[in-house]
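Taking it in order: structure first as structure tokens, then the write-up.
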Amino acid sequence: MKVTVEDSCIACGACESICDAVFSIEDKAVVNEAAVAGNEDAVKEAADACPVSAIIVE
Ligand code: SF4
């Protein structure tokens, strides 16, 4: 699974709240690629919760 965050991220923190192993907030959400494996369900939940649909899961 590949996870990217688009520039439309507004740094709201929702993804970090749902899965702080994968997402951390700097100027925008940053993905810890190494933590994606094993957290796929939480990543999908975070992508669904993102208010601007900035999390792209491929
Ligand atoms: S939930 Fe979406 S808008 Fe909010 S910090 Fe995460 S990627 Fe950015």
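Every value quoted in this text rests on a predicted model; they were computed, and no experiment measured them. First listed ligand is number 1; within each ligand, the first listed atom is number 1. Note that the numbering runs from 1 along the sequence shown for the chain.
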Checklist entry - In the single-linkage hydrophobic clustering (I, L, V, M, F, W, Y; side-chain heavy atoms under 4.5 Å), do Met1 and Ile55 co-cluster? => result yes
Checklist outcome for this item: protein heavy-atom neighbour closest to atom 3 (S) of ligand 1 works out as Ile10 N, 3.4 Å
Checklist entry - What is the distance from atom OG of Ser17 to atom CD of Glu45, rounded to the nearest 0.5 Å? => result 11.0 Å
Next on the checklist: Taking N, O or S atoms only and a limit of 2.8 Å, check whether Cys15 reaches atom 6 (Fe) of ligand 1.
Outcome noted: yes
Checklist entry - Rounded to the nearest 0.5 Å, how far does SG of Cys19 lie from NZ of Lys44? => result 12.5 Å
Checklist outcome for this item: In ligand 1, the atoms that come under 4.0 Å of a heavy atom of Val52 are 3 (S)
Checklist entry - Can you check whether Val43 reaches Val57 side chain to side chain, under 4.5 Å on heavy atoms? => result yes
Checklist entry - For ligand 1, which atoms sit closer than 4.0 Å to a heavy atom of Ala14? => result 1 (S)
Next on the checklist: Need the ligand 1 atom indices (1-based, order shown) with element for anything under 4.0 Å from a heavy-atom of Ile25.
Outcome noted: 5 (S)
Checklist entry - Is there a side-chain contact between Ile10 and Pro51, using heavy atoms and a 4.5 Å cut-off? => result yes
Item to check | Protein heavy atom at shortest distance from atom 7 (S) of ligand 1 | outcome: Ile55 CG1, 3.6 Å
Item to check | pair Thr4-Val31: side-chain heavy atoms closer than 4.5 Å | outcome: no
Next on the checklist: When you group the ILVMFWY residues by side-chain heavy-atom contacts below 4.5 Å and let the links chain together, are Phe23 and Val36 in the same group?
Outcome noted: yes
Next on the checklist: Tell me the contacting part of Ala46 for ligand 1: side chain, backbone, both, or neither, using a 4.0 Å heavy-atom threshold, strictly below.
Outcome noted: neither
Item to check | Nearest-contact summary for atom 8 (Fe) of ligand 1 - protein heavy atom, Å | outcome: Cys9 SG, 2.3 Å
Item to check | Nearest protein heavy atom with distance in Å, relative to atom 2 (Fe) of ligand 1 | outcome: Cys50 SG, 2.2 Å
Checklist entry - Mind checking whether Val3 and Glu33 have side chains closer than 4.5 Å, heavy atoms only? => result no
Checklist entry - In the protein, what heavy atom is nearest to atom 4 (Fe) of ligand 1, and what distance, to one decimal place, separates them? => result Cys12 SG, 2.3 Å
Checklist outcome for this item: Atoms of ligand 1 under 4.0 Å from any heavy atom of Gly13, numbered from 1 in the order shown, are 4 (Fe), 5 (S)
